[in-house]
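Input: a single structure, listed below in structure tokens.
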Amino acid sequence: MPRTLIELETKLEKLSVLDEAGNLDKELEPEISDDFLKALFRAMLLGRRFDERLLSLQRQGRIGTFPPTTGQEAAQLGAVAALQPEDWMAPSFRETVAEVWRGKSMESIIIHNNGFSEGDDADAKFNNLPVSVPVASQTLHAVGIAWALKYRKMPRVAMTFFGDGATSEGDFHEALNFAGVFQVPVVFVCQNNHWAISVPLARQTRSRTLAQKAAAYGIPGIQVDGNDILAVYSAAREAVQRARDGGGPTLIECVTYRLQMHTTADDPKRYRSDEEVEVWRKRDPIPRFQTYLMDKGIFSEEDVKTLEASIKDEIQQAVDRAEERMKALGAPLTMFDHAYATTPPHLEEQKRYLKTLLSVGGKEAQHG
Amino acid sequence: MPRTLIELETKLEKLSVLDEAGNLDKELEPEISDDFLKALFRAMLLGRRFDERLLSLQRQGRIGTFPPTTGQEAAQLGAVAALQPEDWMAPSFRETVAEVWRGKSMESIIIHNNGFSEGDDADAKFNNLPVSVPVASQTLHAVGIAWALKYRKMPRVAMTFFGDGATSEGDFHEALNFAGVFQVPVVFVCQNNHWAISVPLARQTRSRTLAQKAAAYGIPGIQVDGNDILAVYSAAREAVQRARDGGGPTLIECVTYRLQMHTTADDPKRYRSDEEVEVWRKRDPIPRFQTYLMDKGIFSEEDVKTLEASIKDEIQQAVDRAEERMKALGAPLTMFDHAYATTPPHLEEQKRYLKTLLSVGGKEAQHG
Amino acid sequence: MAKLNMVQALNLALRQEMEQDDSVIVLGEDVGKDGGVFRVTDGLAEAFGEDRSRDTPLAESGIVGMAVGMAVAGLKPVCEIQFSGFSYHNFHQIENHAARYRMRSQGRYHVPMVLRTPYGGGVRALEHHSESREVYWSHMPGVKMVIPSSPRNARALLVSAIRDPDPVIFYESKALYRAFREEVPEEEETFPIGKSRRIREGDDLTLIAYGAMLRRALEAAERLKEESGIEADVIDLLTLSPLDDTLFVDSVKRTGHAVVIHEAPLSYGPGAEIAARIAEKAFYYLEAPVARVTGYDVVIPLFARENDYIPSVERIVRESRKLLEKI
Amino acid sequence: MAKLNMVQALNLALRQEMEQDDSVIVLGEDVGKDGGVFRVTDGLAEAFGEDRSRDTPLAESGIVGMAVGMAVAGLKPVCEIQFSGFSYHNFHQIENHAARYRMRSQGRYHVPMVLRTPYGGGVRALEHHSESREVYWSHMPGVKMVIPSSPRNARALLVSAIRDPDPVIFYESKALYRAFREEVPEEEETFPIGKSRRIREGDDLTLIAYGAMLRRALEAAERLKEESGIEADVIDLLTLSPLDDTLFVDSVKRTGHAVVIHEAPLSYGPGAEIAARIAEKAFYYLEAPVARVTGYDVVIPLFARENDYIPSVERIVRESRKLLEKI
Ligand SMILES: Cc1ncc(C[n+]2csc(CCOP(=O)(O)OP(=O)(O)O)c2C)c(N)n1
Ligand SMILES: Cc1ncc(C[n+]2csc(CCOP(=O)(O)OP(=O)(O)O)c2C)c(N)n1
Ligand SMILES: [Mg+2]
Ligand SMILES: [Mg+2]
């Protein structure tokens, strides 16, 4: 001292690879096999079409409230694409596209969106936590999992997702601080979609970027164009690798946009302008990536058409299967099933009681 | 973009004015009147001697557990010295020196330390909150107060104190973030005394400084030598002025050291070395400030002696008054007094019940 | 008098209090432009400015901790916590501070704040959006716990809560928000916190409920009368803490039988306290144990099954009959 | 067998479980080198390494949220929250997550964690260091709530809690930590969670208590016998949730009279549930209402007055006599 500037111990960076029009910064292009690129594109498109379908199902009353993902496909997929199945994912509630990539069936998602806990099953091959509704709370679970992985000397990492709004919660802070102190293999992926329901980013925090919040924890932070899947993937791959190599946590801010309503119960017209949405529609991650693939010569208009058809089919089958499966669901007594490993006597008693109620009155005995 | 560094919107700085030996950086010397300098010195010394006296009272069983302040006088006083009485102070639990500066009587502190809520009275001239034991929680109250001050267009500020450990709590994060977003007149004073009970700073967070955590909220942060009252005062005055002028919040990290145990229930030998303590003993804020005053020619060895005698006297009187006052305290029924503005019927009933208990059995009826 | 649903009635209460008293400040997530996810604060930001219906960052402890400070400094904050399932994030700020500043400061400071939050099931919502945990707040010394059951009493109680010098937790049943309309006078109306109300008179049985379950209790009473000629006294608690036991104790002294109904889980639920009070104060009048018709001791299931969890009219009727047969 | 106080007995439980099972991880503030502010984790870091008795940053939600993740990933975390007065900071992590991962994941994940925390008054501590809020956890579906009353049962219950596949909240009475010693066998001993125990037999009256109050109940029973020839049955609940009502209900069927004792506030307190259960299951045996000898409905006063808040032996004796005179 006397009056000097504080130097930070880690870098705070920004990264973009493909611009809005799909033009490539050659130097930064990540090496990805053609097959993997195509798989990513399919997953993006499937995510988009599935979201559209869910929205129409919701409008028809065939599913309940859900949070759309349109516009955020690159942010989610670019991140999870860097994981192995045995790595862990701790999602928030808006990572449907990432969940499907990681083995969750669309059928289950529909069933979950109909209020059946049976929709919360998951592909055992993947270590995915179920969705977590309380904002930011799951970030701590990811840290705990990463702690366990490090303790068990397993070469795996945990990745957790959350929104811009989530960065305001105390749990976000505690998670990043713990991760920094314990240097555990966790990657924090913030989908900065500019809105937390009706609250715009500028009212969420005064910091210019969310990535710079990493400075508070002495960990690296990077802001990427979240609608640029190559940028997201590059940053995620780097962070995952660092975590796997014992280099500790990273905060990745993916700058993206929620093109739809917060959930189907929300009306965004109350708080944001169509013009703003239009600006972001032009930054849609899908056409941009498609341009890149076409420029690269590994994808044609024809391929897109074939893909659209096969996706449509796949979604339809999932809807059909879900609706079929749901006919057999609904037995209320299952509410007692997963309360504890062993159902304690008082719950057995309550279960018997509900059973009696159901048997005497049929459904009518129960419903108000 | 493409890959670039993130620039912060506010400065993160370090400041020191007097070095360990009391040598001055002339350029940075704040303008303070001689009388004010002397008043500060008296308060520092009084704080030290009072702490010593409390420790001996505690060892004699004449007060309960308390958190000593020795070593942190400059950090506390330098900060509150920048306030007006009508400004607000939201302390944690270790700001005895600051509280006494702001009108709290030593007598009350002794009474509080004996488990009497009557010790929680305060000088009505000052807007001080009572001590807050849950770590970091009071920082939010300061933000709320500052919000009210801004709303009411009052030219006042709120200052809140907390420790290095407190920066790990979610409430700290939420407080700084709210303060940043609302740009309210609040000054966050972190007394980084290197320990949170047995946990050293390096295990509390991976960030190299605590001041840099301000970057997460887009607000200015400054690290000062917390054992250098001139540095603390300079930084506090600047922050208070900025807040008063509508410039919003500041985070000040005062680097200091807890020379004593965490509380009298703690044994620091379990977790830290005498050598470490010795290093910090040499950085004691009091001799350093004394040297400065003597070098400045406004204070002599003789003055110190006179001061010590008057302080001793003042403390003795406080002890005597407290012990006298406590004789009259202890009526248990007061526990119902400040529960609600109007005591609801069930509490009246419980109060009557306790009254009966006390009257039938005397004290013995109650105590187990 | 206009016919209002509960959302509109609550909005009226806020609007009128904000008009009269510029220390009343609404704050919370999405309470500004959006008017709250249930629209309870609709139009307040337009009418009174953004500072008076203040959108905050997404942090419940922050909202409540800030409100505590605002209240200490003389304002009357009315926080909205978007769903009661997220009010646990601010639990420590209420238990450790809102409930204690008066005591801790020997009366110098107090915390005239309201924490409004939607609770309960029945609207086909996601996890954490349907539960009832009113006991947490009812057991907590230093706060008051209020649960209205209709648009009119919601409005009157919210006005009283805002004016109350102590912290009030105000649970609003989502199922009631738009369930029905009621005449709500434009003129000021308050209802004392800490008072219950008799809603229906009868000598055979006492039904005790609050919030969304009050309506079901009333429906059950009608059916008991129609189907079996049983006349039920129905008590609406309205305030859970401080609990007014005078009306239900008197009632049970006449009827000898009581059923308490709530959505919250059975064990250590509100019904336990009601049953204990009745036993303490009307023991020799009781002809049968107080029956508790409640949620089960599990987390309320996702919405496909929530109606099997929440006490139904049918179930209240059935348990009431069972109780009386025991005479 | 060694004579151990409760701190030592808990330490033994941790030590032995950690020896046997390297998935058992202690974590919390000051649990490492310092051995916990009450020394319950003394020596564990030395014996098993710092990762096994892990000092964390100062953040309760962080500790518990991290533990939830550790448990989901297959470890058995034992968190220490330094005082139960700070466990509200992590309330949402327990209510929203620890209690629900099993259900939410349809049984795929579960949360075998323990949250140990000192509760209750009687040690002349600061504000927030003396309260009893066991109801918050007892009412919460998906967790278990245990409160031991002696070194030996504390050790046995902690072993059971650590091995339990579901989350257990484990309240330790500070007043009991060093109050007395008891023979605690070196060999493994467990005690089933969800079971109460009869500690003393008698036919005149049932005293129901747990934690620190159990000792006072026993003392009261001795005095009742000596002074008035009254023979009390004494039941130690040990687990509050799931609540074992078999013993106390049976007992009341014999005695016709019950007194329940706790430090927690009266209203919506544990005693309410006990009283309601007794009424439900032994109504026709009850000769008087269940008496509740409890803390008052205010925040426990600072330590100069705490003994006027906590139920005393004298008060238990008095209320027991009053109850029996009513026969
Ligand atoms: C703790 C908590 N508080 C409030 C809510 C209600 N809520 C659900 S989503 C949401 C906004 C989240 O914003 P962000 O983190 O940006 O995620 P996004 O919805 O944009 O994906 C809110 C307030 C919640 N689920 N959890
Ligand atoms: C929320 C909360 N958790 C735990 C404690 C127990 N406790 C009291 S002081 C303390 C350490 C505080 O460290 P720091 O913030 O650095 O302040 P210092 O004691 O050094 O002044 C702890 C853990 C508490 N009072 N509040
Ligand atoms: Mg968002
Ligand atoms: Mg410290």
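This structure is a prediction, so every number in the text was calculated from the model and none was measured. We name chains A, B, ... by the order of the sequence lines, and we start the count at 1 in each one.
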Taking atom NZ of C/K195 as the centre, report whether more than 12 heavy atoms of other residues, nucleotides or ligands fall under 6.0 Å from it. no

D/E306 and D/G122 have their tightest heavy-atom pair at OE1-N, 2.8 Å

The interface call for C/A275 against chain D, heavy-atom contacts under 4.5 Å, is side chain

Answer key: most heavy-atom pairs under 4.5 Å with chain C among D/G142, D/A291, D/A272 is D/A272

Closest heavy-atom pair, C/L324 versus C/D204, reported as atoms and distance to 0.1 Å, is CD2-O, 3.4 Å

Contacts of D/R254 meeting salt bridge (Lys or Arg N to Asp or Glu O under 4.0 Å) (sequence neighbours excluded), chain-then-number -> D/D203, D/D233

| For D/F283, does the CZ atom have more than 12 heavy-atom neighbours from other residues, nucleotides or ligands under 6.0 Å away? | yes

### Message
For a side chain to side chain contact (heavy atoms under 4.5 Å, CB included) check, start with the C-alpha distance between C/I310 and C/M213, then their side-chain angles and the critical distance, and finish with the verdict.
### Response
CA-CA 9 Å; C/I310 304 168; C/M213 292 302 102; 3.5 Å; yes

Nearest heavy-atom contact between C/Y296 and C/D308 is CE1-O, 3.5 Å

> With a 4.5 Å heavy-atom cut-off, do C/I81 and C/V64 have their side chains touching?
Replying inline: yes

So, the part of D/I278 with a heavy atom under 4.5 Å from chain C: the answer is neither

If one checks every heavy atom of C/L302 against chain D at 4.5 Å, the contacting part turns out to be neither

Within residues 97-110 of chain C, contacts to chain D at heavy-atom distances under 4.5 Å involve C/R100, C/M103, C/R104

Taking the basic N atoms (NZ, or NE/NH1/NH2) and the acidic carboxylate oxygens, is any pair closer than 4.0 Å for D/K322 and D/E319? yes

Under a 4.5 Å heavy-atom criterion, the part of residues 205-212 of chain D in contact with chain C comprises none

Run the side chain to side chain contact (heavy atoms under 4.5 Å, CB included) test on D/V135 and C/V135 for me, step by step, so that the C-alpha distance in whole Å, both residues' side-chain angles and the decisive distance to 0.1 Å come before the verdict. CA-CA 8 Å; D/V135 157; C/V135 157; 3.8 Å; yes

For C/C79 and C/M113 the tightest heavy-atom approach is SG-CE, 3.8 Å

Checking heavy-atom separations under 4.5 Å from chain C, one finds in residues 85-96 of chain D D/G85, D/Y88, D/H89, D/F91, D/H92, D/E95, D/N96

Exercise for the section: Starting from the C-alpha separation in whole Å, work towards a yes-or-no answer on side chain to side chain contact (heavy atoms under 4.5 Å, CB included) for C/I169 and C/L240. Expected result: CA-CA 10 Å; C/I169 310 295; C/L240 264 72; over 6 Å; no

If one checks every heavy atom of C/P242 against chain D at 4.5 Å, the contacting part turns out to be neither

What one should report as the nearest heavy-atom pair of C/M145 and C/Y171 is CE-CD1, 3.4 Å

If one checks every heavy atom of C/V290 against chain D at 4.5 Å, the contacting part turns out to be backbone

In C/V249, C/V252, C/D250, the residue satisfying side chain to side chain contact (heavy atoms under 4.5 Å, CB included) with C/K281 is C/V249

Interface check, chain D: of C/H139, C/R292, C/R277, C/E127, most non-hydrogen pairs under 4.5 Å belong to C/H139

Cut-off 4.5 Å, heavy atoms of chain C, and the answer for D/P270 is both

Can you tell if the side chain of C/D166 reaches within under 4.5 Å of the side chain of C/V143, non-hydrogen atoms only? no

Smallest heavy-atom separation, C/G120 atom then C/S132 atom, equals CA-OG, 3.7 Å

Yes or no on side chain to side chain contact (heavy atoms under 4.5 Å, CB included) for C/V146 and C/L238, after CA distance, side-chain angles and deciding distance?
CA-CA 6 Å; C/V146 170; C/L238 296 167; 5.8 Å; no

